[in-house]
Amino acid sequence: MLEVRDLQVSYGGVVRALRGVSLDLPLGKVVAVLGSNGAGKSTLLRTVSSSLRLHGGAVVGGTITYDGRSLQGLDAAETVRRGIVQVPEGRRVFGRMTVEENLKAGGLGARDKSTRAAMRERVYAMFPVLAERRYGRAALLSGGEQQMLAIGRALMASPELLILDEPSLGLAPRVVGQIGGVIRDINTAGTSVLLVEQNATMALSVADIAYVLDVGEVSLSGSAEELSQTDDVKRLYLGRATVDNGTPAGAATADPAGVTLSRWQG
Amino acid sequence: MTDFLSYLVNGISLGGIYALIALGFVVVFKATEVVNFAHGSLLVLGGYVIARLHTDVPFVVAVLAGCAVAAVGALVIERLYSWRLRDSNLNALAILTIGVDILLITELTRRFGPDILSTGDPWGNKIVDLGFAEIAQARLVGIGVTAVLLAAFFVAFKYSSWGIAMRAGAEDGEAAALMGIRRGRVTMTAWAVAGALAAVAAVFLCAFPTPGLDASVRLTALRAFPAAILGGLDSTAGAVVGGLAIGIAEAMTSGYSVKLAGGNLNDVVPYLVMLLVLLVRPSGLLGTKELTRV
Amino acid sequence: MSDTATRSPAQARAAPGRSPRRVRPATLARVALVIVLAVLPLYIDTSLLTIGLFTMAAVVAAIGLTVLVGTAGQLSLAHAFFLAVGGYGYAFLAGESGVAGASTAQGLGLDPLLAAILAVIAAGFAGLLFSPIASRLRGIYLGVASLSLVFIGEFCYENVRSVTGGFNGRAATPFSLFGWEFTDANTLIVAGVPFGRFEKLWELFLVVAVLSYVFAANVLRGRMGRAMRTVRDSEVAAAVMGVDVRRTKAGAFVLSSMYAGLGGVMVALAFGRLTPNYFSLALSIGFLAAIVVGGLGSIGGAAIGAFFVTAGPLLITRYSSSLPFISDSGSGGYDGGKAAALLYGLAVVLVVLFEPGGLAALGKRLAGRRPARALTPAPSTGASP
Amino acid sequence: MTVAPDVAALVLTDVCVRFAGLKALDNVSFTVEPGSLHAVIGPNGAGKSTAFNVLCGIYTATSGSVRYGDHELTAMRPHKIARLGVARAFQNIALSKGQTVAENLMLGRHALTRAGFVSSGLRLRPATREGRRHGERVREIAAFVGLGDKFAQPAGLLSYGDQKRVEVARALACEPRLLLLDEPVAGMNSDEKVRMAGLITEVRRELGISILLVEHDMGLVMGISDRVTVLDFGKRIADGTPSEVQNDPEVVKAYLGTGEDEADA
């Protein structure tokens, strides 16, 4: 079980990317984190997978534990050995390597090295299209196939907790549906899933619990079912409510000093 | 024709040595994005150890010791880098290696004094007649050893865990870290391999018919820089192509004594070739082009 | 145009393109230093004077390199080459054909001042010729490509004998300004001290070095300085803001080469002759060490660094008998050159590791001011592609 | 508000951009009318940033045309485009962090000023006068965006919200006729957002220039834009007024995702 308590994160000592986020992921569940760009979703994932430092970020407050042990101070590779593996946003497959080599690379972080060959066969069974293209370069796969490869690559380390950062990014709707199915299958096989998504429909359809982040804070949370009933999600993405309220459009009074600027006359 | 063939064989031999050195540049660059300006000094360091030891221990042991010392030297730079400079810009790292280069070559120069040392290779100054060409035996052995080493390297690079980790890390460091690849170990191995390859190159770089080893061999080793750049700093295959191209160009201009302004062109041919290639292809022949992202 | 904002003193001081009204302590210190340096020839002997001349030549050249590497972010190892272009260029332009005895060197016999100016322009032109390569390469590729100029240069110094005199080098015509020669011939007596060649050159070099310093400081404070720093920090941002990145890089290269060329002319005058082995890779590396130790991008740092790297070995050699651990050259121990090289090699490593702003930042920190971290421009801003 | 007379229309016609087989932009066309505030929206990876990079000359379009007034921008290098009066504020703050706000803003004056190495180095009259004149103007701009008191501070030490304002101010310092804003409120809290929205509308009102905005924050986009273009998978899927776009089924689908049953439609 993953527990995040009052987490605060900053980049370069300036940006407060997360301002006190708490989140629970019970064993065997799928938790979705929704939110607009810049809400802090990726930062949250980076903190869990200990890749925050690679982006110049640092935890400045709060705790994050997995199975009761703190995840702070680990590096990304050690976190993988604790059973937490992240599929990065934008897939990030190793394009110049073959499909098989990508999977081998994923297996380098496995705790039990002896099962790697068996694991590879399981991934191929799960994604037959990867088996067909196993000796082809990953860069030549389609977007959906690359996403499957990225997931398969992460599975090679036999994770207990799989983290997915916007797996539907840039994929056609039909492929998004497939990815949703894959996530459900992985979860059914016993892996907990932490999912960050922009595609609210897909995320809420696979998740048990969902959180909505807004500028570094949790603005909503609850069961996925509850959340999908509310209009908040629509407001979040289409901005309807804020327009109805007239803010911030009517907020042209932002300049208390009343300083004006005229065109430069050269 | 006979001339041409013997120049060619000499060129391939020389090119193979350059390839070993250039491969060291490339491996280090792929692992850390640092151009190691101290590589030439590491080569001299390895050679110096071999030259000092071979009188007391078997040649092979001396070579292994030289490889080990050069590898450790490389590791020291790698540790300095990863200890303080992981987030620094690349110029800072290159300058760090220049600082180490100054230290290393100054101390080695002092130790050499006016001497030119022999690395004590068992081939001596024998000449072999291949029928179509006459060539120093050391050069022939050089071709063999480089071929075996390069083949071994490429097999490891393609199939071993280290090779896969290395390539994954070079392509996308963050994704590799997220897959549990321990970047530190991979990087250390890369630097050590580069140092060891340089020590082997030192043996052949100073073998007959060249006079022997002194601190100025560092400048000869730097001629592999153009080889690495020419092929593309991030391409292992490019290092071999570049090494051979430079080696053959040098042997040909030397063999036919091509002159430029009264001097022997082979002295500068690696650098001229490199500048010409860079004018046309700023990332080298096989290097990756950069895509700007905003 | 409206102007409603009130200006605090802090804002006025920071106004771009505006010089501070009151004299700062640092400025006073600099003026005092120049005055001390100006009267120094009255008190020191010839060997120290020579060391001073080489150091001032190195200061000028190092300022050029710090603009290129520190401000524009272009790593170059070719500085020795551009010094050579300036030095040999002067010797060739000012020299007379055939007067150098056994030497085969030719010359145009121009007026030394004109020759010096043309030599500096020639060095700039050499930089311009290289800039198509320089402006297209990524930093590290440039570093290696520039290395090739040093070796191609060495090849030329030995083989283009009509200009360089070949392996044995050639003499450089003494400087003269409007007929007044910088030689021992017409010695002045100043305050009881005879002012010969070295004393006169000292005063000349001091003027040149101060002007070079002020010029570079003005450039860095102005429009092109900003453009170069932004190109260093982000080429894309610079281009989108209207900076022609290629031209700016080429400009930095030309300016830096002209400074190197001027330094080369000064070396020629101080030494009286030029030999190929002087302009080796070691010289380039020494300059790089100087600007790193001084603090990349800081002109004052470049001057301090150049002093450290150039005067250091000479002073250690001069005082070797009274220094511990230092032995005579050729005895297999640490002679002055090697001891100093070890020192500055170590200084480079330590500065890169612990004080990226170099001695300049260290000085500022000791004086209680914020250090400028030139080597580490803040972590990358592109968090996600 | 009045449209300044020298502000021209920006017209994109059938712009395509391909990277290694991937179509980042696929036949995208839209027009930014002179003096209007035009937004480009779309889910992540829809091609919005690519469109901006094409406009600035950082990427070259594979085919199609981008015209600003009488100028064809597609084959132009970035600094030439900047000299036409097209200025951009970056999403990932691309300021020189070691330099002061003043220095960063003065960089925006680069294309408007002339001083070269020689005139700066010798402090010739034209260079110092130019520096003073433009120094006063950037101070006005800093005061206008609310950074007057931070003028002399290094940009890297400012808060995130202030750094975003410096980005906008630097673009304004180019005296643009077309201002490109790349996610100006990303990562801001609601107070900062409101201030930024106010700033953007004020810029348009007082300068009469065109503004092209890429933004994820729908509240901002719908509240202040005249017209909105929606991209998805590199294609234009909608173009119209904010309320037209909000009710467009294609847009709803692109943003909320759809069930598998609708996916084949």
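The shown structure was predicted, so the numbers you read here are calculated from the model rather than taken from an experiment. Heavy atoms only: backbone and side chains are in, while hydrogens, waters and symmetry mates are out. Every chain is numbered from 1, with letters handed out A, B, ... down the list of sequences.
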- [ ] Report the C-alpha distance between D/R123 and C/R221 in whole Å, list the side-chain angles of each, state the deciding distance to 0.1 Å, and finish with yes or no for side-chain contact (heavy atoms from CB on, under 4.5 Å).
- [x] CA-CA 10 Å; D/R123 293 183 64 79; C/R221 216 179 296 136; 3.7 Å; yes
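Residues C/R229 and D/S96 share a closest heavy-atom pair of O-OG, 4.3 Å. Taking both residues in full, the closest heavy atoms of D/L107 and C/A227 are given as CD1-CA, 4.0 Å, listed atom of the first, atom of the second, then distance. For the pair D/G121 and C/V219, the tightest heavy-atom approach, listed with the atom from each and the gap, is CA-CG2, 3.6 Å.
No hydrogens or angles considered: nothing links the side chains of D/Q99 and C/R226 as a donor-acceptor pair under 3.5 Å. Counted by atom type alone, D/T113 and C/R223 present one or more donor-acceptor pairs between their side chains at under 3.5 Å.
Pairs engaging residues 67-82 of chain D under the salt bridge (Lys or Arg N to Asp or Glu O under 4.0 Å) rule: C/D244-D/R77, D/R67-D/E72 [sequence neighbours left out].
Under the rule for a ring pair (Phe, Tyr, Trp, His ring centres under 6.0 Å), D/Y68 has no partner lying at least two apart in sequence or in another chain.
In terms of heavy-atom pairs under 4.5 Å with chain D, the best-connected choice from C/A237, C/A239, C/G222 is C/A239. Interface summary for chain D: among C/G242, C/A217, C/G251, the most heavy-atom pairs under 4.5 angstrom belong to C/G242.
When heavy atoms are compared at a cutoff of 4.5 Å, C/M228 approaches chain D solely by way of its side chain, counted from C-beta outward.
Rounded to the nearest 0.5 Å, atoms CG (D/N104) and OG1 (C/T230) are 7.0 Å apart. Interatomic distance, CZ of D/F117 versus CG of C/N218, reported as 13.5 Å (0.5 Å rounding). The distance from the NE2 atom of D/H79 to the CZ atom of C/R246 is 8.5 Å, given to the nearest 0.5 Å.
Counting only heavy atoms from C-beta outward, the side chains of C/M224 and D/H110 approach each other to under 4.5 Å.
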